[in-house]
Amino acid sequence: MTNRRVAFPLTPTRRAAGLLAGLALGVAVLAGCSSEGASTDCGLDACTVTFDRGVNASATILGVEAKLIGAQDDQVTVEVAGEQLSLTTGQQATEVGGFAVTLDSVTDQEVKIRVSKNPGN
């Protein structure tokens with residue numbers, strides 16, 4: 001007697017279930033952030049955080065907390081991964097805790113920073 005493996009073709013229902021499971025996993029990876037008084041836009045290794053000025057604003061991104069401490073003119077003070085940084089618009093990235101932090105923009109209403117994982121770490 002010969003044993004033969006029979007390959008069952010994927011039905012549309014099984015394909016849809018696999019696609020939905022994959023999408024759910026992707027959303028879970030990208031949704032690893034939370035915020036208060038801030039909005040986030042994250043990819044796999046970088047996030048842009050937009051803080052509302054005049055409120056106690058913070059966000060948890062890429063496994064670390066980022067807080068807006070203060071802002072005056074084009075200089076801001078933020079806390080990322082437990083360390084305070086003074087950033088100026090146009091300045092090169094400041095490294096902290098395996099991350100590179102840059103100040104994208106400052107307005108009367110908001111402060112926007114970018115936090116990315118350092119490729120060397």
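Residues: numbered from 1 along the sequence shown.
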- Quick one: which residue pairs count as a side-chain hydrogen bond (donor to acceptor under 3.5 Å, both in side chains) with a foot in residues 84-93, not counting sequence neighbours? Q91-T94
- Given the options V78, L85, T77, I69 meets side-chain contact (heavy atoms from CB on, under 4.5 Å) only with T77
- Task: Would you give the length of the straight line joining atom CD of E36 to atom NZ of K67, rounded to the nearest 0.5 angstrom?
- Result: 10.5 Å
- Task: Working to the nearest 0.5 Å, report the span between CG of D45 and CG of N118.
- Result: 10.5 Å
- Note on the structure: Here the pair of heavy atoms bringing F51 nearest to A38 is CD2-CB, 3.8 Å
- Query: After noting the C-alpha distance and the side-chain angles of C42 and L62, does the key distance pass the side chain to side chain contact (heavy atoms under 4.5 Å, CB included) rule?
  - Reply: CA-CA 8 Å; C42 291; L62 303 171; 5.5 Å; no
- Message: If the test is side-chain contact (heavy atoms from CB on, under 4.5 Å), which one of L103, V49, L87 qualifies with V111?
- Response: L103
- Query: So which heavy atom on F99 is nearest to which on V115, and how close?
  - Reply: CD2-CG1, 3.9 Å
- Item | Atom of A93, atom of A100 and distance for their closest heavy-atom approach | CB-CB, 3.9 Å
- Rounded to the nearest 0.5 Å, the OG1 atom of T50 sits from the CD atom of Q109 at a distance of 13.0 Å
- Item | Shortest non-hydrogen contact between D52 and L68, atoms and distance | O-CD2, 4.1 Å
- Measure the NZ-SG distance between K117 and C47 for me, rounded to the nearest 0.5 Å. 9.0 Å
- Is it true that a side-chain atom of R53 and a backbone atom of T107 form a donor plus acceptor pair closer than 3.5 Å? yes
- Spatial distance of atom CD1 (I113) from atom OG1 (T102) [nearest 0.5 Å]: 8.0 Å
